[in-house]
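Read through the structure below, which is laid out as structure tokens, and then see the notes.
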Amino acid sequence: MSDVAKKVETLMEAMPYLEKYQGKVIVIKYGGNAMINDELKDAVLHDVVMLKLLGLKPVLSHGGGPGINKMLEKLNIPVQFINGLRYTSEDIMRVVEMVLVGQVNTELVGRINQIGGKAVGLSGVSGDIYHCHKRSEELGFVGDIDYVNADAINAMLDAGFIPVIAPVGTDGQGNTYNINGDTAAGKLASALGAEKLVILTDIEGLCNDIKVRDVISYLNIQDVKALKDKGTIAGGMIPKVDCCVEAVRSGVDSAIILDGRVAHSILIELLSDEGIGTMLVN
């Protein structure tokens, strides 16, 4: 088969998916190794721009943990962990804002614009997108989301832009808070009535046995508790699965935990028959 024929066949395979997702909001949580490796970063951002050009409405919700850790080390600001969670002092919160909003968000917007997209950078403070309260005095400026005000994001989508959102929130009283990136993406997808939530991570998906990497392709959210009790869902996978479950329960059609180490994994998942990762459905 000629290269042209293969390209036509690929387009034909994508057609039913393009019809399904046309005009629909797709929230992509961007984090993990795909944020560190330049080639993977380039592939993710090209995927986002391609989705927009194909008539979908991608929204990029990013993290930035490695960059925050690197800056704290550079500034000699000590990090304290309480019950496995990082204490966020006022000084650390300033670094979080500087890295997430001033560095990571700005870079992603610039790269998307450079490759032909039209991106707008926002933080959860913009338009009171992520309205938060302090989780506890013990953890400092760590926030839990009370509600998501999606007006600013919907305005950007209606104007044809790709919103890029940093997980920083506000209590409306002038205080800002660091928010878990997965949790923020899940609540954002729910508020936007997204068709799909995509969580990019550093593993093939949720596995029955991590040693043999046997990925669970489809998971009904009703079965999540049993897998937690069994220990299949554990550690860092718990918040990812929990945000997917909450999003699906709130009306998102499906959520998928996807291997961000695979170049163009977003397009492979959304626009082909070769679904990868773990899809959570109701």
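The analysis underlying the following values was restricted to heavy atoms, covering all of them including side chains, and did not include hydrogens, waters or symmetry mates. We're numbering straight along the sequence, starting at 1.
- Proximity of Val281 to Ile221: side-chain heavy atoms (C-beta onward) are nowhere separated by under 4.5 Å.
- Atom CD1 in Ile233 sits 13.0 Å away from atom NZ in Lys240 (nearest 0.5 Å).
- Transitive grouping of hydrophobic side chains (ILVMFWY, heavy atoms separated by less than 4.5 Å) brings Tyr30 and Ile115 into a common cluster.
- For Ser265 (side chain) and Gly260 (main-chain N/O), no donor-acceptor pair under 3.5 Å exists by modelled atom type.
- When the shell of 6.0 Å around CE of Met50 is examined, it contains 12 or fewer heavy atoms from other residues, nucleotides or ligands.
- The side-chain heavy atoms of Ser217 and Thr278, taken from C-beta on, include no pair separated by under 4.5 Å.
- One finds the OG atom of Ser123 at 7.0 Å from the CD1 atom of Ile129 (value rounded to the nearest 0.5 Å).
- The two residues Asp202 and Asp259 come nearest to each other via the heavy atoms C-OD1, 4.4 Å.
- Rounding to the nearest 0.5 Å gives a distance of 5.0 Å between SG of Cys243 and CG of Asp182.
- Under the 4.0 Å criterion applied to side-chain N and carboxylate O atoms, Glu97 and Arg94 are assigned as salt-bridge partners.
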Does Phe141 form a side-chain contact (heavy atoms from CB on, under 4.5 Å) with Ile92? I'd like the steps, not just the answer.
CA-CA 9 Å; Phe141 290 87; Ile92 291 176; over 6 Å; no
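- Looking at heavy atoms from C-beta onward, Leu197 lies out of side-chain contact with Ile256 at the 4.5 angstrom threshold.
- The shortest side-chain heavy-atom distance between Leu258 and Thr201 does not fall under the 4.5 Å cut-off.
- Between Lys118 and Gly160 the shortest heavy-atom distance is CE-O, 3.7 Å.
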Cut-off 3.5 Å, no hydrogens considered: what does the side-chain donor-acceptor table look like for residues 52-80, sequence neighbours left out?
from, atom 1, to, atom 2, distance (Å)
His62, NE2, Asn105, ND2, 3.1
Asn69, OD1, Arg86, NH1, 2.5
Asn69, ND2, Gly65, O, 3.4

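- Only one option out of Asp144, Ile165, Val125 pairs with Tyr130 in a side chain to side chain contact (heavy atoms under 4.5 Å, CB included); it is Ile165.
- Here Arg261 does not pair with Glu39 in a salt bridge; the nearest charged N to carboxylate O distance is not below 4.0 Å.
- Residues Ile203 and Val215 do not share a hydrophobic cluster, clusters being chains of Ile/Leu/Val/Met/Phe/Trp/Tyr side chains in contact below 4.5 Å.
- Within the cation-pi definition used here (under 6.0 Å to the ring centroid, within 45° of the axis), Lys134 does not qualify as a partner of Tyr177.
- Closest approach of Pro167 to Ala184, counting heavy atoms only: CB-CB, 4.2 Å.
- Using modelled atom types, no side-chain atom of Asp253 and backbone atom of Lys196 make a donor-acceptor pair closer than 3.5 Å.
- Salt bridge Arg111/Asp38: present, at least one basic N to carboxylate O contact under 4.0 Å.
- Of all non-hydrogen atoms in Asp128 and Tyr147, the two that sit nearest each other are OD2-OH, 3.1 Å.
- Taken to the nearest 0.5 Å, the CD1 atom of Ile26 stands 11.0 Å off from the CG atom of Leu192.
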Show your reasoning for whether side-chain contact (heavy atoms from CB on, under 4.5 Å) applies to Leu157 and Asn154.
CA-CA 5 Å; Leu157 289 171; Asn154 282 320; 4.2 Å; yes
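- Judged purely by atom type and a 3.5 angstrom limit, Thr170 has no side-chain atom pairing as donor or acceptor with the backbone of Thr176.
- Ile153 has its side chain within reach of Leu122: a pair of non-hydrogen atoms, C-beta onward, lies under 4.5 Å apart.
- Taking 4.5 Å as the limit, some side-chain heavy atom of Lys228 sits within range of a side-chain heavy atom of Asp242.
- Taken to the nearest 0.5 Å, the CG atom of Asp146 stands 9.0 Å off from the NZ atom of Lys187.
- Heavy-atom contacts from other residues, nucleotides or ligands closer than 6.0 Å to CD of Gln222 number more than 12.
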Carefully, step by step, assess Glu269 and His264 under the rule side-chain contact (heavy atoms from CB on, under 4.5 Å).
CA-CA 9 Å; Glu269 167 58 32; His264 302 296; over 6 Å; no
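- The shortest non-hydrogen separation linking Ile145 to Val148 is CG2-CG2, 4.0 Å.
- Side-chain contact check for Val241 versus Leu227: every heavy-atom pair is 4.5 Å or farther apart.
- Using modelled atom types and a 3.5 Å distance limit, the side chains of His133 and Asp171 yield no donor-acceptor pair.
- With rounding to the nearest 0.5 Å, the separation of CE in Met237 from CD1 in Ile199 is 10.5 Å.
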Apply side-chain contact (heavy atoms from CB on, under 4.5 Å) to residues Val142 and Ile179 and explain how you reach the verdict.
CA-CA 6 Å; Val142 173; Ile179 307 168; over 6 Å; no
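- Side-chain contact between Leu280 and Val224 is present, with heavy atoms from C-beta onward closer than 4.5 Å.
- Remark: the backbone N or O of Gln103 is not paired with any side-chain donor or acceptor of Thr106 at under 3.5 angstrom.
- The two residues Ser190 and Ala247 have their closest heavy-atom pair at OG-CA, 3.4 Å.
- For the pair Asn37 (side chain) and Leu40 (backbone), a donor-acceptor distance under 3.5 Å is present.
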